[in-house]
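Heads up: the structure comes next, in structure tokens.
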Amino acid sequence: MEETNFVLLWKEHYEKIDQSLAINKLLLKELISQKAKSAVKSLKLFKFVGIVLAVVYLFVLGTLISIAVLHYSSAANYFIFSMTAIFFINAKALYDYIKHLAWAGSIDYNGSVTAIQEKLARLEVSIFKHTSSMFLQLPFWTTFYLSNKWFPQNVGGGYILFQCLLTAIFTWLAYWLYKNIKAKNADKKWVRILFNGSGGKHVSNALGAFKELEQFKLE
């Protein structure tokens with residue numbers, strides 16, 4: 001009889017422990033969700049500001065290109081081509097900002113942790129792609145000021161060599177950055193700095209919060 005009571009007591013004790021763990025897990029999930037919400041809220045503010053600035057920047061670029069086209073002269077060919085390329089790259093950036101803002105707003109923190117992590121991971125990868133693509137405009141900043149009125153016929157061979165070398169270096173640099181700014185290189189400090197500068201640190205903070213929950217489950 002005493003043995004039966006002892007078993008019942010232990011069973012009741014373990015049930016209370018299980019209940020306590022379940023409550024702690026629920027409270028931890030709520031706390032982590034709040035931390036993730038806060039991080040994503042900062043991201044949404046960052047992207048909203050980025051959208052406003054991008055619209056203004058594109059308006060300025062578009063105005064300059066329109067003026068050059070309306071008052072067309074072959075001397076402006078380098079400018080029109082370069083600024084148009086820069087315009088479209090930044091238009092893609094604006095699209096990315098809007099997409100990221102929409103994705104961040106679509107996260108349901110009452111859903112499963114796995115679903116939240118998947119959306120955050122998708123957002124993280126997209127921000128890496130956005131960051132790398134922004135550097136594709138680098139070469140065009142080395143050609144917009146040229147004019148066929150004086151280049152290359154009215155400059156010396158030294159300047160022609162310098163200009164070709166400058167554009168080639170920036171083209172190579174743009175390609176190299178585009179290929180290396182990837183999620184797989186996130187452990188490299190310079191990649192992380194550039195990624196954080198595009199708002200990625202907020203996503204990383206949100207993902208880091210859910211890693212705490214996974215660690216709790218393991219323990």
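The analysis underlying the following values was restricted to heavy atoms, covering all of them including side chains, and did not include hydrogens, waters or symmetry mates. Everything numeric in this text was worked out from a predicted model, so none of it was measured.
Scanning for ring pair (Phe, Tyr, Trp, His ring centres under 6.0 Å) contacts around Trp150 gives an empty result, with sequence neighbours left out. Remark: Ser42 engages no residue in a side chain to side chain donor-acceptor pair (under 3.5 Å) (not counting sequence neighbours). Shown here are the side chain to side chain donor-acceptor pair (under 3.5 Å) partners of Asn205, two or more places apart in sequence or in another chain: there are none.
Under a 4.5 Å side-chain heavy-atom cut-off, the cluster of Ile, Leu, Val, Met, Phe, Trp and Tyr residues that includes Met134 has no other member. Cluster note: Leu53 groups with Leu45, Val49 through ILVMFWY side-chain heavy atoms spaced under 4.5 Å, whether in direct contact or through intervening members.
For Gln163 (side chain) and Thr142 (main-chain N/O), a donor-acceptor pair under 3.5 Å exists by modelled atom type. Looking only at distances, a side-chain donor or acceptor of Asn148 sits under 3.5 Å from a matching main-chain atom of Ser74. In this structure a side-chain-to-backbone donor-acceptor pair under 3.5 Å is present from Thr143 to Phe140. A donor-acceptor contact shorter than 3.5 Å links the side chain of Thr63 to the backbone of Phe59. In this structure, Lys119 contributes its side chain and Trp103 its backbone to no donor-acceptor pair below 3.5 Å. Remark: the backbone N or O of Ala76 is not paired with any side-chain donor or acceptor of Ser73 at under 3.5 angstrom.
Across Leu194, Asn196, Asp96, a single residue satisfies side chain to side chain contact (heavy atoms under 4.5 Å, CB included) together with Thr131, and that is Leu194. With His130 as the fixed residue, the ring-ring contact (aromatic ring centres under 6.0 Å, His included) test singles out one of Phe135, Tyr97, Phe195: Tyr97.
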Please list every donor-acceptor pair under 3.5 Å in which a side-chain atom of residues 176-191 meets a protein atom from a residue at least two apart or in another chain.
{"from": "Asn180", "atom 1": "ND2", "to": "Trp176", "atom 2": "O", "distance (Å)": "2.7"}
{"from": "Asn185", "atom 1": "ND2", "to": "Asn180", "atom 2": "O", "distance (Å)": "2.7"}

